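Here's the structure, in structure tokens; my notes come after.
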Amino acid sequence: MSTSYKIAVLDRGFVYVGRVEWKHNVLTITDARCIRRWGTTKGLGELVNGPQPETILDMVGTIHVPERSLIHLIDVVESAWKNI
């Protein structure tokens, strides 16, 4: 399965961006960064085109998320995120 960059909104308030892949009801996010501070004025959707000047990202690496923890995924412009 091919992977693409997405913003993953998880339960307990965690928000990550990275390369997303589904396998056996587990979401794996590689090149993951935790979006600690959105840095937006109009919500999370502003990050579709890349981080804002006030966005704070923490490098995480690879995370595995059970399906039940996923709230939703947001498609992003991959070129705006993959070289961060």
Side-chain angles (χ1 to χ4, degrees):
M1 173 184 198
S2 66
T3 60
S4 60
Y5 274 75
K6 297 184 184 298
I7 293 173
V9 178
L10 309 179
D11 64 0
R12 302 181 192 267
F14 288 96
V15 181
Y16 293 92
V17 63
R19 193 173 297 277
V20 170
E21 182 177 14
W22 280 103
K23 188 173 183 181
H24 304 297
N25 296 327
V26 173
L27 180 72
T28 299
I29 307 173
T30 55
D31 300 325
R33 289 161 184 83
C34 180
I35 305 175
R36 182 167 22 123
R37 181 177 297 152
W38 299 356
T40 65
T41 59
K42 296 180 182 175
L44 190 54
E46 285 186 69
L47 298 181
V48 167
N49 293 308
Q52 301 295 304
E54 299 296 317
T55 302
I56 296 176
L57 304 169
D58 299 319
M59 178 56 99
V60 179
T62 299
I63 62 171
H64 305 280
V65 180
E67 181 178 35
R68 68 184 174 275
S69 295
L70 179 67
I71 305 300
H72 63 270
L73 293 171
I74 301 172
D75 293 335
V76 300
V77 176
E78 185 167 337
S79 61
W81 281 102
K82 72 181 198 177
N83 294 321
I84 299 297

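Values in this document were obtained by computation on a predicted structure and should not be read as measured data.
Under the 4.5 Å side-chain heavy-atom criterion for ILVMFWY residues, no single connected hydrophobic cluster contains both V20 and V9. In this structure, L44 is not a member of the same hydrophobic cluster as Y16, with clusters built from ILVMFWY side-chain heavy atoms closer than 4.5 Å. In terms of hydrophobic clustering, with Ile, Leu, Val, Met, Phe, Trp and Tyr side chains grouped at heavy-atom distances under 4.5 Å, I29 and V77 are assigned to different clusters. Connection of V60 to I56 is not established within any shared hydrophobic cluster, with ILVMFWY side chains joined at heavy-atom distances below 4.5 Å, either directly or through further cluster members. Under the 4.5 Å side-chain contact rule for hydrophobic residues, I63 and F14 share a cluster.
Going from atom CG of L70 over to atom CG of N25 covers 11.5 Å, rounded to the nearest 0.5 Å. For the atom pair CZ of R33 and CG of L57, the computed distance is 7.0 Å after rounding to the nearest 0.5 Å. Summarising the geometry, atom OG1 belonging to T55 is positioned 8.5 Å from atom CD belonging to E46; distances are rounded to the nearest 0.5 Å. The distance from atom CH2 of W22 to atom CG of L73, rounded to the nearest 0.5 Å, is 6.5 Å. To the nearest 0.5 Å, the span separating CG on L47 from CD1 on I7 amounts to 5.0 Å. Once rounded to the nearest 0.5 Å, the distance linking CD of E21 with OG of S4 reads 10.0 Å.
Scored by the side chain to side chain contact (heavy atoms under 4.5 Å, CB included) test, D11 finds S69, I71 as partners (sequence neighbours excluded). Scanning for side chain to side chain contact (heavy atoms under 4.5 Å, CB included) contacts around V26 gives T28, H64, with sequence neighbours left out. Qualifying side-chain hydrogen bond (donor to acceptor under 3.5 Å, both in side chains) partners for Y5, counting only residues two or more places apart in sequence or in other chains: D31.
Listed by first then second residue, pairs satisfying side chain to side chain donor-acceptor pair (under 3.5 Å) with a partner in residues 71-84 read K6-D75, R19-E78, not counting sequence neighbours. The salt bridge (Lys or Arg N to Asp or Glu O under 4.0 Å) pairs that include a residue from residues 59-71 number zero, where partners must be two or more places apart or lie in different chains. For residues 53-65, the salt bridge (Lys or Arg N to Asp or Glu O under 4.0 Å) pairs, not counting sequence neighbours, are R36-D58.
What you find for A80 and P51 is that their closest heavy atoms are O-CD, 3.8 Å.
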